[in-house]
Enquirer: 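Below is the structure I would like to discuss, written out as structure tokens.
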Amino acid sequence: MKKNIILMALALLIAMPTFAQYRPYGRYHRPYSSGYARVASSARSSYGSPYVYCGFRFGVNGSNISSDDQYLDGDDLLSGLNAGVTLDVMLSPVTPLFFETGVQYTEKGGKGNTHGYRYTYKLNYVEVPLVLKYQVKINNHFAITPFLGGYLAGGVSGKIKDKESRMSEEAFNDYNFRRFDGGLRTGCGIMLDMFYAEIGADIGLANISNDSFDNARNNTIFANIGINF
């Protein structure tokens with residue numbers, strides 16, 4: 001899965017110059033706010049942005065699990081990938097405030113090290129972001145986009161691995177982790193014509209532990225790149 005995602009992302013990045021050179025205003029240029037597509041309307045707001053655009057995102061995660069349970073709680077970050085598509089809708093024709101949603105595959109989880117025993121918790125989700133983005137226009141090519149909101153996610157696969165005994169078991173079941181996750185999302189992106197990059201953090205609010213006595217929550221930092229259409 002990881003190899004396929006990486007190969008797809010590399011192919012897309014290599015193809016970007018080919019896509020961009022056919023823009024009517026020259027190589028890579030689109031009138032303000034980076035590579036927007038006419039998804040629902042070709043009309044532009046008085047601010048200069050289209051009302052709707054979509055994008056592709058690919059990036060890396062660093063995550064851990066904070067928990068009352070010493071076997072789940074850990075400071076070390078577990079690395080993972082994420083990839084998906086986004087849809088941004090302008091909320092006002094005169095204010096550059098957008099609502100962003102979409103669908104992405106993301107790899108979260110964490111590591112634990114208790115009394116000499118090392119554990120790895122790999123939790124893979126399909127996630128839906130629900131955030132507000134404000135575009136700060138620098139010029140006709142460049143903008144800064146801070147964002148704040150939340151996310152909802154459903155677990156699709158996962159493994160718990162005991163590094164000492166070299167045993168593993170399913171992560172999502174009645175004894176380990178719940179599939180539902182949700183929380184807050186914040187960060188900031190930059191837009192350069194059709195290209196986009198962002199860094200951010202997910203702060204888990206949902207209890208993902210099936211233990212009746214202990215809580216567990218996902219915490220993730222991420223860095224993504226992509227293009228807007």
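Counting begins at 1 with the first residue of the sequence.
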Enquirer: Taking the ring centre of each residue, are Y125 and F172 less than 6.0 Å apart?
Expert: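 Ring centres of F172 and Y125 closer than 6.0 Å.
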
Enquirer: Output yes when a side-chain donor or acceptor of N61 lies under 3.5 Å from a complementary backbone atom of T106, and no otherwise.
Expert: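 No, N61 side chain to T106 backbone: no donor-acceptor pair under 3.5 Å.
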
Enquirer: Could you go through the salt bridge (charged side-chain N to carboxylate O under 4.0 Å, His left out) check for K159 and E169 one step at a time?
Expert: CA-CA 6 Å; K159 289 288 185 180; E169 61 178 303; over 6 Å; no

Enquirer: Begin with the C-alpha distance, continue with both residues' side-chain angles, and end with the deciding distance and a verdict on ring pair (Phe, Tyr, Trp, His ring centres under 6.0 Å) for F147 and F98.
Expert: CA-CA 9 Å; F147 56 87; F98 287 77; over 10 Å; no

Enquirer: Are Y151 and D181 linked by a side-chain donor-acceptor pair shorter than 3.5 Å?
Expert: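 A pair is found: one side chain offers a donor N or O, the other an acceptor, under 3.5 Å apart.
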
Enquirer: Hey, are the side chains of F142 and I144 touching, using non-hydrogen atoms and a 4.5 Å cut-off?
Expert: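 Touching, per the 4.5 Å side-chain cut-off.
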
Enquirer: Can you measure from CD1 (I221) to CD1 (I199) and round to the nearest 0.5 angstrom?
Expert: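 Result: 9.0 Å between the selected atoms.
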
Enquirer: Would you say L148 and V131 make side-chain contact, with heavy atoms under 4.5 Å?
Expert: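 In short, these two side chains do not touch, never coming nearer than 4.5 Å.
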
Enquirer: Test your reading of the model: is there a side-chain donor-acceptor pair from T220 to the backbone of S63, 3.5 Å cut-off?
Expert: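 No; judged by distance alone, with no hydrogens or angles, the pair does not exist.
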
Enquirer: Looking at T86, I225, I227, which hits side-chain contact (heavy atoms from CB on, under 4.5 Å) with R57?
Expert: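 The side-chain contact (heavy atoms from CB on, under 4.5 Å) with R57 is passed solely by T86 among T86, I225, I227.
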
Enquirer: Give me each pair satisfying salt bridge (Lys or Arg N to Asp or Glu O under 4.0 Å) with a member in residues 196-219, each pair once, sequence neighbours excluded.
Expert: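 Checked against salt bridge (Lys or Arg N to Asp or Glu O under 4.0 Å) - neighbours excluded - the pairs reaching residues 196-219 are K108-D202, R185-D202.
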
Enquirer: Considering only residues two or more places apart or on different chains, which pairs with a residue in residues 139-152 satisfy salt bridge (Lys or Arg N to Asp or Glu O under 4.0 Å)?
Expert: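 Passing the test, one end in residues 139-152: no pairs.
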
Enquirer: Would you say that I65 contacts L123 through its side chain, given a criterion of any heavy-atom pair below 4.5 Å between the two side chains?
Expert: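 Yes, at least one pair of side-chain atoms sits under 4.5 Å.
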
Enquirer: Is T145 reaching over with its side chain to a backbone N or O of G189, donor-acceptor style, under 3.5 angstrom?
Expert: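 Side chain of T145 to backbone of G189: a pair is present.
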
Enquirer: Would you say L205 has more than 12 foreign heavy atoms packed within less than 6.0 Å of its CG?
Expert: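 Yes, CG of L205 has more than 12 neighbouring heavy atoms, counting only those of other groups under 6.0 Å.
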
Enquirer: Under 3.5 Å, is there a donor-acceptor pair linking the side chains of N176 and N210?
Expert: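 No, no side-chain donor-acceptor contact under 3.5 Å.
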
